[in-house]
Amino acid sequence: AQSVTQPDIHITVSEGASLELRCNYSYGATPYLFWYVQSPGQGLQLLLKYFSGDTLVQGIKGFEAEFKRSQSSFNLRKPSVHWSDAAEYFCAAYNNNDMRFGAGTRLTVKP
Amino acid sequence: ETGVTQTPRHLVMGMTNKKSLKCEQHLGHNAMYWYKQSAKKPLELMFVYSLEERVENNSVPSRFSPECPNSSHLFLHLHTLQPEDSALYLCASSQDRGSYEQYFGPGTRLTVT
């Protein structure tokens with residue numbers, strides 16, 4: 001069955017430290033891949049997306065993600081986290097009119 | 001006003017009440033969606049409308065009744081809900097049903113007592 005998995009429910013990093021959030025997908029063919037961010041009390045905002053081509057994609061707010069076909073992964077990274085990055089992050093995959101989301105990873109940023 | 005708006009932002013209702021959630025998009029999109037977001041679970045797609053016609057209904061109980069009077073407005077009518085229906089209900093829109101870039105509203109936090 002098609003699915004998106006985010007193995008980490010909650011991650012805490014110090015401000016200024018690097019960040020990597022994991023995402024794995026299970027699809028017969030490579031889907032389109034997305035990362036969304038949800039701040040408290042807000043809807044989801046698209047950070048970046050991957051359709052094809054260059055496997056390292058740049059997004060808004062200094063985020064990037066790398067697609068690795070061999071690992072069925074699409075991990076989100078940021079070199080230096082800011083306190084305002086504290087939020088919930090969702091990985092999503094789209095294939096054949098079907099959009100599926102992971103359960104989310106909550107990011108806490110320590111001062 | 002731009003983007004996708006939802007009202008009310010918070011709603012508390014008893015199990016015998018009838019209420020409605022409203023979503024409005026100002027993006028000129030043709031497809032609109034209702035999602036249910038429960039804690040620690042993936043977003044669950046409930047309904048999809050394309051050009052005001054319902055194109056998908058993912059086995060949602062009949063106590064949830066959607067309505068799409070035009071391409072800019074989407075409602076979710078609620079009646080005789082259960083406590084387990086308490087969740088954040090998100091509305092989204094996209095240019096077309098086949099468009100993968102969805103724009104989300106801020107959600108309605110629903111509590112059923």
Side-chain angles (χ1 to χ4, degrees), chain A residues 1-11 21-27 29-52 57 59-60 65 67 74 87-108, chain B residues 2-11 21 23-27 29-50 53-59 74 87-110:
Chain A
Q2 297 174 338
S3 65
V4 178
T5 303
Q6 293 179 246
D8 305 305
I9 295 173
H10 186 201
I11 283 184
L21 302 182
R22 296 183 293 164
C23 173
N24 294 98
Y25 62 90
S26 175
Y27 278 74
T30 300
Y32 297 151
L33 296 162
F34 307 83
W35 275 99
Y36 286 85
V37 61
Q38 185 179 32
S39 299
Q42 301 297 316
L44 276 67
Q45 181 185 18
L46 182 66
L47 284 175
L48 47 78
K49 54 185 181 276
Y50 172 77
F51 296 155
S52 64
V57 294
I60 62 172
F67 168 67
F74 187 58
E88 185 127 20
Y89 292 80
F90 293 91
C91 182
Y94 178 92
N95 182 55
N96 196 25
N97 278 345
D98 180 60
M99 176 79 91
R100 290 178 188 257
F101 290 82
T105 298
R106 177 164 298 280
L107 174 65
T108 298
Chain B
T2 60
V4 181
T5 58
Q6 291 186 243
T7 54
R9 295 294 307 276
H10 300 271
L11 178 63
L21 310 184
C23 175
E24 185 172 1
Q25 57 96 1
H26 309 269
L27 302 168
H29 288 168
N30 295 315
M32 296 186 77
Y33 310 78
W34 278 118
Y35 286 90
K36 176 182 179 183
Q37 185 179 24
S38 304
K40 297 182 174 58
K41 292 176 65 175
L43 268 69
E44 300 172 51
L45 180 63
M46 300 175 71
F47 299 105
V48 181
Y49 275 83
S50 176
E53 287 191 23
R54 190 191 307 181
V55 296
E56 195 164 333
N57 171 4
N58 285 354
S59 303
L74 185 65
L88 183 68
Y89 288 84
L90 292 167
C91 174
S93 71
S94 65
Q95 185 61 55
D96 297 293
R97 177 64 181 97
S99 301
Y100 19 75
E101 190 159 344
Q102 296 183 13
Y103 295 79
F104 286 81
T108 295
R109 173 68 62 187
L110 174 67

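Lettering follows sequence order; numbering is per chain, from 1. Bear in mind that the values here come from a model prediction, so they are computed numbers and not experimental data.
Contacts of A:Leu46 with chain B are made by side-chain atoms alone, with heavy-atom separations under 4.5 Å and no backbone atom involved. Neither the backbone nor the side chain of B:Arg109 comes within contact range of chain A, judged by heavy atoms closer than 4.5 Å. Interface remark: B:Leu43 contributes backbone and side-chain atoms alike to the contact with chain A (heavy atom separation under 4.5 Å).
Among B:Tyr33, B:Tyr103, B:Tyr35, the residue with the largest count of heavy-atom pairs under 4.5 Å with chain A is B:Tyr35. Of the residues considered (A:Gln45, A:Gln38, A:Arg100, A:Gln6), A:Gln38 shows the highest number of contacts with chain B, using heavy-atom pairs under 4.5 Å. The candidate from B:Arg9, B:Glu44, B:Gln37 with the greatest count of non-hydrogen atom pairs under 4.5 Å with chain A is B:Gln37.
Counting only residues at least two apart or on different chains, the salt bridge (Lys or Arg N to Asp or Glu O under 4.0 Å) pairs with a member in residues 35-50 of chain A are A:Lys49-B:Glu101. Residue pairs meeting the salt bridge (Lys or Arg N to Asp or Glu O under 4.0 Å) criterion with at least one partner in residues 88-98 of chain B, sequence neighbours excluded, are B:Glu56-B:Arg97.
Other residues, nucleotides and ligands place more than 12 heavy atoms under 6.0 Å from the CD1 atom of A:Ile60. Within 6.0 Å of atom OH in A:Tyr27, more than 12 heavy atoms from other residues, nucleotides or ligands are found, so the atom counts as buried in its surroundings.
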Run the numbers on A:Tyr94 and B:Gln102 for side-chain contact (heavy atoms from CB on, under 4.5 Å), then give the verdict.
CA-CA 11 Å; A:Tyr94 178 92; B:Gln102 296 183 13; 5.5 Å; no
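Residue B:Pro42 comes nearest to A:Phe101 through the heavy atom pair CB-O, 3.1 Å, listed as atom of the first residue, atom of the second, then distance.
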